[in-house]
Each structure stands twice: as structure tokens, then as C-alpha cells.
Amino acid sequence: MKKITLVILTVCSVLAFGQKVSDYKYISLPLKFETFKEDFGLADLLTKTLRSKNYTVIPSDKLQWPAEARANQCNVLIADVLNDSGFLRNKVLLQFKDCNDKVISSTKGASSIKDFKEGYQDALKQTFVSLSPANPITQPVIAQANVQETAVTAQPVDNNRTSVPVDNSAVRFSNGKTDLQKIQIDNTQFILVNSNSSSPFATFKTTTKSDVFRVKLHNGESTLGYYENGNIVIEIPQPNGEYTKEILVKK
């Protein structure tokens with residue numbers, strides 16, 4: 001078997017074990033709780049309770065977030081209420097996720113009230129018992145990154161399938177201040193890494209349109225990027241809701 005060595009960037013969360021909802025100031029609520037056919041007043045009840053415990057409730061649209069939240073999305077928790085009902089009881093699951101889509105809190109509530117609206121609201125109230133008042137701390141802006149070399153065993157080629165080879169040659173870009181190396185993870189995603197520190201600058205994932213990518217920046221913000229004349233252009237969100245172009249020139 002032929003072995004090749006690939007450099008794989010593994011992005012890990014730096015959030016400590018035992019992370020709590022009370023560590024956060026901002027809680028974002030979705031437009032709709034997807035597992036419910038209708039709202040049943042759950043969003044208003046959750047919003048009122050969170051505010052009474054000194055949390056700042058913000059919408060799902062990031063353009064409407066306060067500047068502090070937009071500057072570091074890892075200071076925001078995403079709340080959701082899930083329908084967990086059984087045959088005889090109305091049950092809900094109150095869930096909070098961090099900026100890395102990691103569930104940091106999941107609390108169940110149940111009610112014997114048969115009426116859906118009253119039953120779901122009663123079940124949701126049960127989950128509030130474990131919800132402590134906000135006592136926020138500043139969350140890390142970027143995640144740690146470990147670069148490791150992994151030996152990969154080449155697999156036999158299936159001649160009946162069309163495969164696109166992964167280009168792992170050292171391609172470098174620069175924005176005039178920072179030199180970045182492109183690391184191709186697979187055929188659908190690559191990462192730009194700071195050449196000096198091996199820290200992640202941005203992660204790119206393919207879209208349905210050629211040479212256009214969904215981009216996750218080092219500060220947790222999501223945006224778009226694309227190739228233009230061989231260079232990479234990233235649309236950088238600004239506090240006023242506008243975007244500026246950052247051009248990464250191929251070296």
C-alpha cells in the first residue's frame with residue numbers, strides 16, 4: 001500500500017468543560033420553533049423569562065444584532081424549544097447551543113395538562129427552574145487549532161467512479177499584512193492558515209455555484225467568498241450591516 005502524508009487542520013473548541021448558560025449575555029431565538037406546528041406562546045414566554053434573568057434576547061437575523069454580539073458571535077447562545085411529547089404528556093426540551101453548534105445545556109419539562117397551549121407552556125416553565133440569572137464572561141473569539149500530520153493509506157481506485165484529486169500543493173495568498181497557506185481538506189472544503197502561527201484564518205465550503213464558497217471567519221462570523229482573477233475575495237461584515245471586500249492575492 002502506498003502511503004502519503006497530508007497536513008490536516010483540526011479545529012477544536014477552547015470552551016472549558018462545565019460551560020454554563022449563565023456565562024452568556026446574549027441569547028438568540030429563531031423565527032420559529034421548527035418542531036412545533038404553531039408557536040403556542042412559547043417564544044413570548046421564553047423571552048419574558050430570559051429577560052427577567054438579565055439576559056439580552058436578540059433575533060436570529062445577525063444583521064439586527066448589537067455591535068458587541070456581531071463583533072464576537074461566540075458571546076451569543078442559540079436557544080431552541082423542541083417538541084418532545086409522548087402519548088399522554090406534553091413534553092418540551094429547552095436547548096442552548098454555542099457558536100460551534102455544541103449543545104451546552106438541554107433541559108426537559110413535562111406537563112399532564114392536555115390542552116396543547118397550556119400544556120406546552122406549563123412544560124416549558126418546568127425547564128426554567130435550572131436556568132440561572134446571567135453572569136456573563138467574555139468568550140474566546142477564535143478556536144484553537146492543532147496541525148497534525150496523519151499517515152493516510154491509499155485506497156484502491158474504482159475505475160467505474162469519477163474522482164477529483166485533492167490538490168495539497170502549497171498555495172499561498174496574502175492580504176498585504178498576513179501570509180496565508182491554503183490547505184485542501186477534501187474536494188468540498190479548504191482552510192486558509194496563517195503561515196507563521198498555523199492558526200486558522202477562514203474555512204471555505206463549496207456551494208452549488210462554481211468558485212463561490214460559504215466562509216467561516218476566525219471570529220466565528222459567516223459570510224461568502226469567491227475566486228476572482230485567481231485571487232480570493234471575502235466579503236467582510238461590518239458593524240453597520242454593510243460588507244467590505246478583502247482581496248487575498250495569490251503569491
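Note that the coordinates shown come from a computational prediction; the quantities given were computed from them, not determined experimentally. Counting from 1, the numbers follow the sequence of the chain as shown.
- When side chains are defined from C-beta on, Val233 counts as touching Ile247, because their heavy atoms get closer than 4.5 Å.
- The hydrophobic clustering, which links ILVMFWY residues whose side-chain heavy atoms are closer than 4.5 Å, places Leu29 and Val76 apart.
- Side-chain contact check for Leu93 versus Lys91: every heavy-atom pair is 4.5 Å or farther apart.
- Summarising the geometry of Ser111 relative to Gly119, their closest heavy-atom pair is CB-O, 3.3 Å, with the distance given to 0.1 Å.
- The cluster map of Ile, Leu, Val, Met, Phe, Trp and Tyr, joined by side-chain heavy atoms under 4.5 Å apart, puts Leu77 and Val103 in different clusters.
- When every heavy atom of Ile191 is checked against every heavy atom of Val193, the shortest pair comes out as CG2-CG2, 3.8 Å.
- Side-chain contact between Ile234 and Asn175 is absent, with no heavy-atom pair separated by less than 4.5 Å.
- Proximity of Thr56 to Tyr26: side-chain heavy atoms (C-beta onward) are separated by under 4.5 Å at one or more points.
- Using a 4.5 Å cut-off on side-chain heavy atoms (C-beta onward), Tyr24 and Phe96 make no contact.
- Nearest approach of Ser60 to Ser28, heavy atoms of both residues: CA-OG, 3.5 Å.
- No side-chain heavy atom of Phe190 sits under 4.5 Å from any side-chain heavy atom of Val171.
- Applying the 6.0 Å contact sphere to NZ of Lys108 captures no more than 12 heavy atoms from other residues, nucleotides or ligands.
- With contacts defined as side-chain heavy-atom distances shorter than 4.5 Å, the pair Tyr120/Val81 does not qualify.
- Electrostatic pairing of Asp122 and Lys125 does not count as a salt bridge here, judged by no charged N lying under 4.0 Å from a carboxylate O.
- Between Thr244 and Gln238, the side chains place a donor N or O and an acceptor N or O closer than 3.5 Å (distance only, hydrogens not considered).
- The local environment of CZ in Phe116 is sparse, with at most 12 non-hydrogen atoms from other residues, nucleotides or ligands closer than 6.0 Å.
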Can you check side chain to side chain contact (heavy atoms under 4.5 Å, CB included) on Ser174 and Asp179, steps first, answer last? CA-CA 5 Å; Ser174 176; Asp179 289 333; 3.3 Å; yes
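- Grouping the Ile, Leu, Val, Met, Phe, Trp and Tyr side chains by contacts below 4.5 angstrom, directly or via other members, places Ile27 with Ile104.
- The two residues Lys62 and Ser222 make their nearest non-hydrogen contact at NZ-OG, 4.2 Å.
- Side-chain contact check for Ile232 versus Phe213: every heavy-atom pair is 4.5 Å or farther apart.
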Run the numbers on Asp115 and Asn90 for side chain to side chain contact (heavy atoms under 4.5 Å, CB included), then give the verdict. CA-CA 9 Å; Asp115 178 80; Asn90 289 318; over 6 Å; no
Could you walk me through whether Asn194 and Phe201 satisfy the side chain to side chain contact (heavy atoms under 4.5 Å, CB included) test, starting with their C-alpha distance in whole Å, then the side-chain angles of each, then the deciding distance to 0.1 Å, before giving a yes or no? CA-CA 6 Å; Asn194 189 309; Phe201 179 81; 5.8 Å; no
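- Taken to the nearest 0.5 Å, the CD1 atom of Ile236 stands 5.0 Å off from the CD atom of Glu246.
- Heavy atoms only, all atoms of each residue included: Ala110 and Arg89 are closest at CB-NH2, 3.6 Å.
- Among all heavy-atom pairs drawn from Arg214 and Leu224, the shortest one is CA-CD2, 4.3 Å.
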